[in-house]
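Everything on this sheet refers to the single structure shown next.
Numbering of ligands and ligand atoms starts at 1, following listing order.
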Amino acid sequence: MRRILKMGMVGGGIGAFIGQVHRRAARMDGHVQMIAGAFDIVPEKSLEQGRILGLDPARCYGTADEMIAAEKALPAGERVDFISICTPNNTHFSIAKACLEAGFHVMCEKPMTMTVDEANALADIVKKSGRVFGLLHTYTGYPMVKLAKDLVKAGDLGRIRKVVVEYPQGWLGNLARTMPLKAAWRTDPKTSGISCCMGDIGTHAANLAEYVTGLKITEVLADLSRYLGGRLDDDGNVLFHMQKGVKGVLIATQIATGQENGLNIWVYGDKKSLCWYQENPNIIRVISDTEPEQVWKRGNPYVAAKSPAAARNVRTPSGHPEAFIEAFANHYMNFTDTIRAREAKRKPTELELDFPSVADGVRGMKFISAVVASAKKGNVWVKI
Ligand code: NAI
């Protein structure tokens with residue numbers, strides 16, 4: 001029996017993108033109840049969103065500070081257990097800090113903070129608080145990404161030589177005018193941080209490469225561009241080195257006309273290579289010089305036999321596709337099971353702990369910082 005955990009949210013107001021995905025994903029398995037929120041930068045709109053969601057008006061707040069103070073004052077058992085932060089980047093640190101210091105577990109959007117210093121400070125706050133902190137790097141929640149990690153770990157690919165990870169989007173090239181609010185805060189350093197494209201999607205790609213290979217990126221050489229003037233980077237090409245002498249290339253772009261969300265990764269070993277593509281996420285292709293191409297399909301017993309993580313993070317039988325919201329739901333399942341394990345005074349299992357943590361957030365900020373420094377210094381190698 002899983003205790004039903006109570007969820008609060010900051011951000012995710014009417015028309016916002018990612019908050020509604022969090023709400024659907026967290027509740028997918030029926031073990032989370034959404035009961036409170038400060039949903040919008042405009043207090044009246046926050047209350048309106050709460051009304052639309054059918055929440056008790058007494059639990060709909062005008063600001064995050066109000067919510068944290070009021071929920072903290074409620075008796076244990078009534079107050080929220082965790083708070084999901086779904087606001088623009090510049091607000092993550094202060095809201096996460098306030099939540100943790102008030103005793104709430106936190107699920108936070110990426111990039112985790114605005115700077116490396118803030119990220120390190122948040123890691124200390126998490127440790128001191130004893131609360132559980134999750135970071136929503138979506139793509140490691142996909143079961144076939146978990147299989148990819150386990151294929152690499154088991155040595156099926158042999159020695160890893162090279163990683164190519166590409167995250168092409170096109171919406172900031174031409175479509176941004178149809179989504180002006182989302183484009184405005186992402187391209188403005190005051191709300192986005194030191195990077196747009198690398199913070200928004202480059203960090204997802206770097207996190208994916210590190211998760212699948214189990215290796216850290218140690219240095220980068222980056223070339224960033226602004227195809228549309230007067231804003232932060234909207235495109236970037238990064239060469240990187242990883243531990244164990246692995247080399248790689250990371251392309252993240254938001255001006256690739258016609259591209260939607262084409263994240264893909266190739267991992268090349270000396271025996272075999274694999275590819276996962278986010279827009280067809282239920283399969284992994286494995287190729288070699290000696291055997292015909294293999295296609296591993298989500299939900300099959302041969303996947304479960306190879307990867308307990310891929311087996312655990314699946315809800316529907318093979319042939320019934322799962323995708324983005326399920327990947328979010330997997331992170332929520334593991335995050336909330338870790339909270340329950342801590343409550344039961346039990347050490348969470350490796351499978352329960354399989355969600356991005358504050359340490360991934362620190363790495364993400366170091367990646368962004370090194371990439372921006374490399375580009376600024378005239379495309380030189382910068383250590384992470
Ligand atoms: P958005 O612009 O669609 O929505 C932001 C929402 O936050 C709005 O409702 C706004 O009113 C609200 N808000 C802003 N400041 C607030 C405050 N101080 N208190 C309460 N509400 C506040 O932005 P979007 O696309 O939903 O992005 C939000 C965050 O999620 C960003 O950090 C972004 O990087 C991340 N993100 C992550 C994705 C993933 O796959 N993990 C995908 C898209 C976004």
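The aromatic rings of H137 and H204 lie perpendicular to each other, with more than 60° between the two planes, well past the 30° mark. Using a 30° and 60° split on the angle between ring planes, F82 and F335 fall in the perpendicular class, above 60°.
Summary of contacts: the protein heavy atom closest to atom 8 (C) of ligand 1 is A16 CB, 3.9 Å. The protein atom (non-hydrogen) at minimum distance from atom 16 (C) of ligand 1 is T87 CG2, 3.6 Å. Taking atom 9 (O) of ligand 1 as the reference point, the nearest protein heavy-atom neighbour is G13 N, 3.0 Å. The shortest contact between atom 40 (O) of ligand 1 and any protein heavy atom is with T138 OG1, 2.6 Å. Counting protein heavy atoms only, atom 1 (P) of ligand 1 is closest to W185 NE1, 3.9 Å. Closest to atom 26 (O) of ligand 1, if we only count protein heavy atoms, is I18 N, 2.9 Å. The single protein non-hydrogen atom nearest to atom 10 (C) of ligand 1 is I41 N, 4.1 Å, given as residue, atom name and distance. The single protein non-hydrogen atom nearest to atom 19 (N) of ligand 1 is V10 CG1, 3.7 Å, given as residue, atom name and distance.
Nearest to atom 41 (N) of ligand 1 by heavy atom, out of D65, N90, L136, is L136. Comparing M9, Q49, E109 against atom 37 (C) of ligand 1, the shortest heavy-atom distance belongs to E109.
With E210 contributing its side chain and I217 its backbone, the two residues share a donor-acceptor pair below 3.5 Å. Side chain of E279 to backbone of N261: a donor-acceptor contact under 3.5 angstrom is found.
Numbered from 1 in the order shown, with element, the atoms of ligand 1 that lie under 4.0 Å from a heavy atom of P88 read 5 (C), 7 (O), 14 (C), 15 (N). Contact atoms of ligand 1 toward H92: 32 (O) (distance under 4.0 Å to a heavy atom of the residue). Near G11, the atoms of ligand 1 lying under 4.0 angstrom from a non-hydrogen atom of the residue are 7 (O), 12 (C), 20 (C), 21 (N). Which parts of ligand 1 touch D200 is read off a 4.0 Å heavy-atom cut-off, strictly below it: atoms 34 (O). Short contacts between ligand 1 and F39, defined as distances under 4.0 Å to a heavy atom of the residue, involve ligand atoms 9 (O), 12 (C), 21 (N).
Exactly one residue among R340, K347, R346 makes a salt bridge (Lys or Arg N to Asp or Glu O under 4.0 Å) with E352. That residue is R346. Of the residues D200, D235, D234, D233, the one that meets the side-chain hydrogen bond (donor to acceptor under 3.5 Å, both in side chains) test with Q254 is D200.
A donor-acceptor contact closer than 3.5 angstrom is absent between the side chains of D40 and S46.
Under 4.0 angstrom from ligand 1, there are no non-hydrogen atoms of V42. Proximity of C86 to ligand 1, defined as any heavy-atom pair under 4.0 Å, is confined to the backbone N, CA, C and O atoms.
Closest of all the heavy-atom pairs between L172 and R231 is O-NH2, 2.8 Å.
Ring-centre distance between Y332 and H31: not below the 6.0 Å cut-off. Centroid-to-centroid, the aromatic rings of H105 and F133 stay 6.0 Å apart or farther.
Under a 4.0 Å heavy-atom criterion, H204 is in contact with ligand 1.
Checked by distance only, ligand 1 and R186 come closer than 3.5 Å through their nitrogen or oxygen atoms. Taking any N or O of F17, backbone or side chain, at least one lies under 3.5 Å from an N or O belonging to ligand 1.
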Next item on the list: Show your working on side chain to side chain donor-acceptor pair (under 3.5 Å) between D354 and Y211 and close with a plain yes or no.
Entry: CA-CA 10 Å; D354 184 15; Y211 180 83; 2.9 Å; yes
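D270 and K162 are not joined by a salt bridge, as no carboxylate oxygen comes within less than 4.0 angstrom of a charged side-chain nitrogen.
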